[in-house]
Protein chains: 2
Amino acid sequence: MMMAGLRERKKEQTRRRIAETALRLFDERGYDAVTVNEVAEAAGVAKVTLFAYFPSKESLVLDGIKDDTAAIVDGREEGQSPLDALHAHYRETARRGSGAIDMDGLLLRVRVITASPALLASVHQARMEQRHELAAALARALPGRGPAAQLMAAQITAAVTTLQEVFFWRLSQGVPPEEAARSLGEDVELAFDLLRHGLEGGNHEKGH
Amino acid sequence: MMMAGLRERKKEQTRRRIAETALRLFDERGYDAVTVNEVAEAAGVAKVTLFAYFPSKESLVLDGIKDDTAAIVDGREEGQSPLDALHAHYRETARRGSGAIDMDGLLLRVRVITASPALLASVHQARMEQRHELAAALARALPGRGPAAQLMAAQITAAVTTLQEVFFWRLSQGVPPEEAARSLGEDVELAFDLLRHGLEGGNHEKGH
DNA sequence: AATAAATCCATACCGGGTTCAGAAATGTAC
DNA sequence: GTACATTTCTGAACCCGGTATGGATTTATT
């Protein structure tokens with residue numbers, strides 16, 4: 001009859017316990033200084049069990065941090081340009097931003113990530129894959145020549161990435177979430193203005 | 001009297017032997033499937049010795065593949081904008097391109113790299129560092145607000161990266177080097193046009 | 001030939017990650 | 001509640017990349 005499974009509840013519980021233990025230890029002593037054996041022991045499971053729940057040490061931190069730009073492009077409304085769709089999405093994200101998700105957990109994660117070169121490398125790797133998917137989506141959206149889509153995807157991904165970085169950098173500097181969210185709103189407009197009209201186009205105080 | 005060092009010659013020779021052996025094995029059987037022990041053995045040295053010459057397995061392939069955009073910006077002529085300096089540099093690179101360096105060795109390296117997720121991740125990591133340096137250089141060059149410099153650095157790095165990728169992709173598809181170099185020249189102009197005037201500015205056939 | 005310095009190597013070790021055989025827990029049937 | 005199948009967990013051994021160490025070999029100088 002399979003009635004909501006007690007097994008599955010325990011599994012989820014164990015999974016959360018492992019992830020939380022790991023994040024706490026990483027924050028206390030640094031990602032690289034904590035071994036997965038310690039995490040497993042502190043969480044009360046065996047190393048093998050830990051790796052049954054998480055495929056790698058990195059995934060203990062990076063579980064579900066994606067930002068699927070390709071899906072946004074693919075799912076845009078008829079007649080809307082890819083750039084407009086992305087602009088609308090990130091404008092909306094910035095507006096929601098402040099109160100929506102739990103800032104504390106997120107900020108903890110970001111703190112752990114930015115403190116570890118290994119995790120940063122992994123994040124970057126994920127972004128590369130995302131960029132390739134976006135390039136494919138753009139090529140679908142505007143079937144012109146290849147290199148243009150790749151160049152656009154690269155620049156868009158770079159801009160979005162930088163928005164995230166600047167946002168979290170502000171938060172880590174102690175800027176209160178509401179103000180950081182407001183600045184993010186401004187940065188989104190700046191970023192898409194740069195994307196649309198170029199680095200030497202507008203009023204963003206650049207000489208010659 | 002130190003007469004040109006026989007020691008140093010032997011060292012260089014050993015170093016080359018290790019690197020060439022590694023590249024050959026990686027190309028034959030794949031980077032991940034070859035252990036450094038095998039490389040060391042095939043090159044006739046001990047594992048420890050290999051790591052005395054190269055700091056990591058990756059560096060056997062990625063030795064000296066950087067592309068220092070920050071230095072180009074810092075070393076530009078008086079009155080020249082950062083973007084112009086970079087544009088001139090890559091235009092020149094594309095012109096020289098074809099005959100200058102040994103395409104075969106380079107192409108072999110690129111083939112090995114693109115076939116290995118681990119190496120790709122490492123390349124990407126290096127680019128991230130390069131991007132941060134470029135952001136610092138841009139902030140020095142045009143002391144405006146912070147986020148703009150970071151956004152510009154991100155977009156420029158993304159464009160340059162994509163130029164390389166498209167170039168090597170063409171080569172790997174069998175396009176003859178001279179033609180690939182010519183296409184690279186065109187792509188350089190396209191990329192900097194996009195950078196200067198934006199993704200929806202010019203004549204690069206984008207509809208919406 | 002003697003000596004100082006550089007180079008090399010065997011071995012043992014560490015941490016991340018996997019494999020495997022079985023122990024423990026859970027679900028099901030009687 | 002007992003018996004059995006299935007899932008989950010575990011300890012131990014192992015692989016690979018990388019480091020530490022102490023000694024052996026080669027090279028350069030006198």
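As the structure is a prediction and not an experimental result, all values here were calculated from the model.
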- line: Here the residues of residues 25-34 of chain B within 4.0 Å heavy-atom distance, strictly under, of DNA chain D are B/V34
- request: Side-chain contact test, heavy atoms from C-beta onward, threshold under 4.5 Å: evaluate it for A/E58 versus A/V123 and give yes or no.
  value: no
message: As a test of understanding, state which of B/D68, B/T69, B/T157 forms a side-chain hydrogen bond (donor to acceptor under 3.5 Å, both in side chains) with B/Q130.
response: B/T69
query: Taking B/D84 as the fixed residue, which of B/H89, B/R196, B/R76 is the one that meets the side-chain hydrogen bond (donor to acceptor under 3.5 Å, both in side chains) rule?
result: B/R196
field: B/K57 to B/Y31 six-membered ring, cation-pi geometry met (6.0 Å, 45°)
entry: yes
message: Rounded to whole Å, how long is the line connecting atom CZ of A/R9 with atom C1' of D/dT8?
response: 16 Å
message: What is the separation between atom CD on B/Q13 and atom P on C/dT7, rounded to the nearest whole Å?
response: 14 Å
- prompt: C/dC13 C1' sits how many Å from B/N37 CG, rounded?
  reply: 14 Å
- request: Check B/Q13, B/E20, B/E12 against B/R16 for a side-chain contact (heavy atoms from CB on, under 4.5 Å) and give me the one that passes.
  value: B/E20
task: Give the rounded distance in Å between these two atoms: CG of B/L60 and C1' of D/dG17.
output: 12 Å
Between the protein and nucleotides 17-20 of chain C, list every N/O to N/O distance that falls short of 3.5 Å.
{"residue": "C/dG17", "atom": "OP2", "partner": "A/K57", "partner atom": "N", "Å": "2.7"}
{"residue": "C/dG17", "atom": "N7", "partner": "A/K47", "partner atom": "NZ", "Å": "2.7"}
{"residue": "C/dG17", "atom": "O6", "partner": "A/K47", "partner atom": "NZ", "Å": "2.7"}

- request: Using whole Å, report how far CG of B/L50 lies from P of D/dC16.
  value: 15 Å
query: If you check the B/T49 side chain, which of C/dC9, D/dT8, D/dG11 turns out closest?
result: C/dC9
query: Can a salt bridge be assigned to the pair B/E165 and B/R127 using a cut-off of 4.0 Å between side-chain N and carboxylate O?
result: yes
message: Of the listed nucleotides (C/dA25, C/dG15, C/dT7), which one gets closest to any side-chain atom of B/Y53?
response: C/dT7
query: Do A/V160 and A/Y90 have side-chain heavy atoms sitting under 4.5 Å apart?
result: yes
Separation of D/dT26 C1' from B/K11 NZ (nearest whole Å): 14 Å
query: Please give, in whole Å, the distance from C/dG16 P to A/E41 CD?
result: 13 Å
Test: A/R170 and A/E179 ion pair at under 4.0 Å: no
task: Determine the interplanar angle of the A/H124 and B/H124 rings, folded into 0 to 90°, and report it as parallel if under 30°, tilted if 30 to 60°, perpendicular if over 60°.
output: tilted
- prompt: Given C/dT7, is OP1 or OP2 found less than 4.0 Å from the side-chain N or O atoms of B/K10?
  reply: no
